[in-house]
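Each chain gets a letter, A, B and so on, in the order the sequences are listed, and its residues count up from 1.
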2 protein chains.
Amino acid sequence: MISSIAELISDRIGTMPASERRAAQTLIANYPLIGLKTVAEFSAAAGVSSPTILRFVARLGFQNYPEFQSALQDELAAQLQSPATRTLNPASSGGGAVSPMLEATLDNMRETFRHLSDRQLADIAATLAHRRGKTFLIGGRFTDPLARYMAAHLAIVQPDVYHLAGQEGIWRDRLIDMGKRDVLVIFDIRRYQDSLVRFAETAHQRGVHIVLFTDQWLSPIARFARHVIAGRTAVPSAWDSSAALFVVAETLIGAVTRQLETDGAKRIRELESLR
Amino acid sequence: MISSIAELISDRIGTMPASERRAAQTLIANYPLIGLKTVAEFSAAAGVSSPTILRFVARLGFQNYPEFQSALQDELAAQLQSPATRTLNPASSGGGAVSPMLEATLDNMRETFRHLSDRQLADIAATLAHRRGKTFLIGGRFTDPLARYMAAHLAIVQPDVYHLAGQEGIWRDRLIDMGKRDVLVIFDIRRYQDSLVRFAETAHQRGVHIVLFTDQWLSPIARFARHVIAGRTAVPSAWDSSAALFVVAETLIGAVTRQLETDGAKRIRELESLR
DNA sequence: CAAAATACGTAACATACGATACAGCGCTCC
DNA sequence: GGAGCGCTGTATCGTATGTTACGTATTTTG
């Protein structure tokens, strides 16, 4: 069973003529990056001619050079997507059904934050803290609880925070209250919900500032969003994981609270006394 | 000091117009592979036009697209050469306001799972999967979204799963439906809510099997619970973090789903056809 | 040792790719 | 409300790229 192109090559390198073998060896030596460059560069690196490279990839079973490159890219993508598989040391993972799930979740969080700069988070926090209008939050089938969670916290440190719940018709009608000064926080991961996309589009047309929490494949709502947070969701389970997005949400809640420290503290004391 | 293109992007993403920002976000989301594909593919993935992609790379300081791709490839090459550097990175993110929060959260999860054996989790999953009656879920002020999240998933793989929402009176009345064969999942972290404690006590008296998600200081409900999950909640923020509990919840959801695999799959297919 | 077959590179070709000019649109600022 | 500016997509263009045909060199075989 051959799963990678590198294996395929070492499998057939014996049957190749001299020049093609040199091509194969240079590819293995700087795998797989040389293969992603142009035929001319590849051939120069290997010290052979361009047609030799093309004959080489043809012998591997690819119809043409681009097809070969796509295969390499797919392989790379799979490798980069799950850092777990690379560092996976079966010894440490006690063999229980739990650990892989936890490991994947931790990886997802690291990856999510690796693609998310402090600057971006600060920007979003500032948007949420210093918006001049209202804040609305909404989520999809599985992510709506995240919207609720965030709303529950934000509503304590600032006024005019609303979670949009219930039937579609109900929150669609709230669009009439939304304008340029307002912020709409949307949670939407696969499978993306049409109703949410439509909602986001309309809100966008009304000039609402949209902050989107989505997965790495980006909900179509990304087109309308001013800020996009792409969290990793893949775990060894039947379901996608929203844990990474949850942590980002908590981070933002913390950041907003900090930015509103002075006003927020006063507000919290007021709330306490209301009990 | 900017060492990677990803950093360069997050540094300048603030100064970019909307469409270029979309390009930036899609690149970050599938970093860096999208950038190695053709302009046409990149633009399609981002939902913008080709010139926008070119303007985007120009803004990053590259003379042309190939030069941009070469830079990405060089970066990838460096990364692939030394796998250490990519896992080593969390410290390098500059000590911004983010890292401590993330670090603390990751620690919380590790600690939480360290005190939680596979056996315990399997037991709880079995309880939830093979209960003979109904499952009820409820949470406190900030944790109710977690109850909702879990309910949303469990309700798909098995029947008779109910989230108790709304006013106290409403769910108090549901006690009349609860008995020995039923399971009640409660989320309760500081500050523990009296109403929940009373509710749990009554349910316990009726013989309901209680599964409690709480923090490391244990809600008073622990006295009535058959299973207790104690998650770490401390983070450098004004709020406690429910992230660890969230991950445990997801883990349980996954485990229950696996245990119900055969029946659950049938049920999921049925649900799909209902749409 | 000769003849054939295979391997390999040079050079011409066609295509698909990146680049550019331009026009429409929305937004902001008087 | 109007003028100006900046952003974005469409259409076009030139070119770099992959591809192919062909001739020479090299090896193989009878």
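- In the helix from C:dC1-D:dG30 to C:dC30-D:dG1, the end axes, each obtained as the rotation axis mapping the C1' atoms of four pairs onto the next four within a five-pair block, lie 30° apart to the nearest 10 degrees.
- Distances shorter than 4.0 Å separate none of the side-chain N or O atoms of A:Thr52 from OP1 or OP2 on C:dA7.
- The footprint of chain B on DNA chain D, defined by a heavy-atom cutoff below 4.0 Å, extends from D:dC7 to D:dT10.
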**OP:** Tell me, with the steps shown, if A:Ile5 and A:Phe62 meet side-chain contact (heavy atoms from CB on, under 4.5 Å).
**Re:** CA-CA 11 Å; A:Ile5 297 177; A:Phe62 297 99; 4.1 Å; yes

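- Under a 4.0 Å N-O distance rule, the pair A:Arg198/A:Glu201 does not qualify as a salt bridge.
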**OP:** Using a 4.0 Å heavy-atom cut-off, write out nucleotides 14-21 of chain C from 5' to 3' as B (base contacted by protein), S (sugar-phosphate only) or - (no contact).
**Re:** ---SSBB-

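- Considering all non-hydrogen atoms of both residues, A:Asn108 and A:Val235 come closest at ND2-CG1, 3.6 Å.
- In this structure, CD of A:Gln205 is placed 13 Å from C1' of C:dG26, rounded to the nearest angstrom.
- Contact of the A:Ile53 side chain with the A:Phe68 side chain is not registered, since no non-hydrogen atoms from C-beta on lie closer than 4.5 Å.
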Original post:
Taking it one step at a time, do A:Val247 and A:Thr112 satisfy side-chain contact (heavy atoms from CB on, under 4.5 Å)?
Top reply: CA-CA 10 Å; A:Val247 174; A:Thr112 301; over 6 Å; no

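- Ring centroid separation for the pair A:Trp171 and A:Phe136 does not come in under the 6.0 Å cut-off.
- A 4.5 Å side-chain heavy-atom check between A:Val48 and A:Thr26 finds every atom pair outside the cut-off.
- At a threshold of 4.0 Å, the pair A:Asp240-A:Arg190 counts as salt-bridged, since one of the basic side-chain nitrogens sits closer than that to a carboxylate oxygen.
- With hydrogens and angles ignored, the 3.5 Å screen pairs no side-chain donor or acceptor of A:Gln193 with any backbone N or O of A:Asp188.
- Minimum interatomic distance between B:Glu67 and B:Gly61 (heavy atoms only, all atoms of both residues): OE2-O, 4.3 Å.
- Between A:Phe56 atom CZ and C:dC8 atom C1' the separation is 16 Å, expressed in whole Å.
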